[in-house]
Amino acid sequence: MSTETRTTALRESAATFDRLVEVVRALPDAAHAEASPLPGWTRGHVLAHVDGVGAALARQAEAAARGEQVEVYDGGAAGRAAAIEAGARRTTAQHVAALEALRERLRAAWPAPGDPLWHAPVTYRLGTLEGALLAWWREAVIHAGDATAGLGAALGPATWSAPFCAHLDAFLAVRLPAGWRVTDLRGDARDVASWLAGRVPSGTVWAERDGAHVPLPELGPWPSSSPAPGAAVTPPAGV
């Protein structure tokens with residue numbers, strides 16, 4: 001990954017997160033119990049997840065700076081799930097306090113764009129710290145839209161940048177069936193990336209293969225962050 005890409009990921013994730021905090025600050029407490037676009041999750045669940053995944057990735061950076069590796073979530077998958085359920089019940093003031101604390105933690109944890117620490121190994125996807133940054137870029141930008149859906153806030157796919165869409169296309173190409181490529185998909189770049197991410201595009205996305213229109217394929221699951229035991233590990237695209 002180039003220093004320019006790291007700079008873009010740091011800048012865009014921070015800017016989106018800043019906007020998210022300000023939107024949340026203006027919400028009444030009752031808004032956090034409203035349904036989000038994610039099945040089974042309220043707006044509060046999404047915000048708690050953003051807080052939790054941000055803390056988990058900051059943890060990767062903090063451990064890397066010490067020359068150590070730690071599991072992604074404190075308490076593993078069970079700890080992650082419990083934290084989301086508990087955090088979903090926060091008031092607006094509590095959500096804002098948690099997000100502001102996370103913002104400061106991330107600012108302190110991420111190295112400068114040109115720092116060689118980005119190449120340090122981490123447990124996230126058994127990759128390097130660069131991969132953890134890319135994960136935060138995805139989580140911050142995508143879930144900012146999920147958390148603010150229905151509020152009229154400009155934080156959804158329509159605001160995604162060209163570099164972010166290109167990164168999502170590369171990362172999520174594995175969701176397409178065998179033999180399919182992202183270049184088989186047609187539509188605005190933000191709509192294509194949104195569709196690959198499992199969100200509802202604002203415009204039309206269609207597919208063309210061998211010069212003919214064909215139905216859009218069924219997407220596979222989101223790339224797992226935990227390889228199966230004994231499986232060969234392939235670094236995520238772009239890392």
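Values below: all heavy atoms of this structure, side chains included; hydrogens, waters and symmetry mates excluded.
- Between the side chains of Thr92 and His32, at least one donor N or O sits under 3.5 Å from an acceptor N or O.
- For the pair Thr8 and Trp137, the minimum side-chain heavy-atom distance is below 4.5 Å.
- The environment of CZ in Arg181 is sparse: at most 12 heavy-atom neighbours from other residues, nucleotides or ligands sit within 6.0 Å.
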Would you give me the side-chain donor-acceptor pairs under 3.5 Å for residues 78-91, sequence neighbours excluded?
| residue | atom | partner | partner atom | Å |
| --- | --- | --- | --- | --- |
| Glu85 | OE1 | His45 | NE2 | 3.3 |
| Glu85 | OE2 | His45 | NE2 | 3.3 |
| Arg89 | NH1 | Glu85 | O | 3.2 |
| Arg90 | NH1 | Asp51 | OD2 | 3.1 |
| Arg90 | NH2 | Asp51 | OD2 | 3.3 |
| Thr91 | OG1 | Gln94 | N | 3.2 |
| Thr91 | OG1 | Gln94 | OE1 | 3.4 |

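- Electrostatic pairing of Glu100 and Arg25 counts as a salt bridge here, judged by a charged N lying under 4.0 Å from a carboxylate O.
- In terms of heavy atoms, Cys165 sits closest to Ala189 at SG-O, 3.9 Å.
- Residues that satisfy the salt bridge (charged side-chain N to carboxylate O under 4.0 Å, His left out) test with Asp146, not counting sequence neighbours, are Arg199.
- No side-chain heavy atom of Leu219 sits under 4.5 Å from any side-chain heavy atom of Leu172.
- With hydrogens and angles left out, the side-chain atoms of Ser2 and Thr5 include a donor and acceptor closer than 3.5 Å.
- Applying the ring pair (Phe, Tyr, Trp, His ring centres under 6.0 Å) test to His49 and every residue at least two apart in sequence or in another chain returns Trp41, His143.
- With a 6.0 Å cutoff to the six-membered ring centre and a 45° limit on the axis angle, Arg175 does not count as a cation-pi contact of Trp195.
- Among residues two or more places apart in sequence or in another chain, the side-chain hydrogen bond (donor to acceptor under 3.5 Å, both in side chains) test is passed with Glu218 by none.
- Among residues at least two apart or in separate chains, there is no ring-ring contact (aromatic ring centres under 6.0 Å, His included) pair with a member in residues 67-93.
- Placement of Val21 and Val53 within a single hydrophobic cluster is found when ILVMFWY residues are connected by side-chain heavy-atom separations under 4.5 Å, directly or transitively.
- Looking at Leu20 and Leu47, their side chains come closer than 4.5 Å, going by heavy atoms from C-beta outward.
- Between Thr16 and Ala144, the closest heavy-atom pair is CG2-CB, 3.5 Å.
- Of all heavy-atom pairs spanning Leu106 and Ala58, the tightest one is CD2-CB, 3.7 Å.
- Using a 4.5 Å cut-off on side-chain heavy atoms (C-beta onward), Leu196 and Leu168 make no contact.
- Take Arg6 and apply the salt bridge (charged side-chain N to carboxylate O under 4.0 Å, His left out) test, not counting sequence neighbours, and it matches Glu130.
- Between Ile142 and Ala197, the shortest heavy-atom contact is CD1-CB, 4.4 Å.
- For the residue pair Leu176 and Pro217, the shortest heavy atom distance occurs at CD2-CG, 4.0 Å.
- Judged as a side-chain contact (heavy atoms from CB on, under 4.5 Å), and not counting sequence neighbours, Val200 has no contacts.
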Trp136/Tyr124 under ring-ring contact (aromatic ring centres under 6.0 Å, His included): CA gap, chis, key distance, verdict: CA-CA 11 Å; Trp136 176 239; Tyr124 175 75; over 10 Å; no

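- Residues Glu139 and Val50 are not in side-chain contact: their nearest non-hydrogen atoms beyond the backbone lie 4.5 Å or more apart.
- Glu4 is linked by a salt bridge (charged side-chain N to carboxylate O under 4.0 Å, His left out) to nothing, counting only residues two or more places apart in sequence or in another chain.
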Step-by-step side-chain hydrogen bond (donor to acceptor under 3.5 Å, both in side chains) determination, Thr123 to Gln60: CA-CA 7 Å; Thr123 61; Gln60 297 290 287; 3.1 Å; yes

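- Side-chain contact check for Pro113 versus Thr7: some heavy-atom pair is nearer than 4.5 Å.
- Looking at Val46 and Leu38, their side chains come closer than 4.5 Å, going by heavy atoms from C-beta outward.
- Using a 4.5 Å heavy-atom cutoff, the side chains of Leu216 and Trp180 are not in contact.
- Note on Leu151: it clusters hydrophobically with Leu155, by side-chain heavy-atom contacts below 4.5 Å among ILVMFWY residues.
- Closest approach of Pro111 and Leu10 over heavy atoms only: O-CD1, 4.2 Å.
- The stretch residues 148-163 participates, sequence neighbours left out, in these side-chain hydrogen bond (donor to acceptor under 3.5 Å, both in side chains) pairs: Glu12-Ser161.
- Using a distance-only test at 3.5 Å, with no hydrogens or angles considered, a donor-acceptor pair links the side chain of Arg43 to the main chain of Ala31.
- The side-chain contact (heavy atoms from CB on, under 4.5 Å) search around Asp188 returns Arg190, Asp191, not counting sequence neighbours.
- Under the salt bridge (charged side-chain N to carboxylate O under 4.0 Å, His left out) criterion, Asp18 pairs with Arg103, Arg107, sequence neighbours left out.
- Applying the ring pair (Phe, Tyr, Trp, His ring centres under 6.0 Å) rule to Trp118 yields the partners Trp110; only residues at least two apart in sequence or on another chain are considered.
- Checked by atom type and distance alone, the side chain of Arg125 never pairs as donor or acceptor with a backbone atom of Val122 at under 3.5 Å.
- Residues Val182 and Val174 fall into different hydrophobic clusters, defined by Ile, Leu, Val, Met, Phe, Trp and Tyr side chains chained together at heavy-atom separations under 4.5 Å.
- Atoms CG and CG, from Leu133 and Leu57 in turn, are 9.0 Å apart once rounded to the nearest 0.5 Å.
- Of the possible donor and acceptor atoms, one in the side chain of Arg59 sits under 3.5 Å from a partner among the backbone N and O of Glu71.
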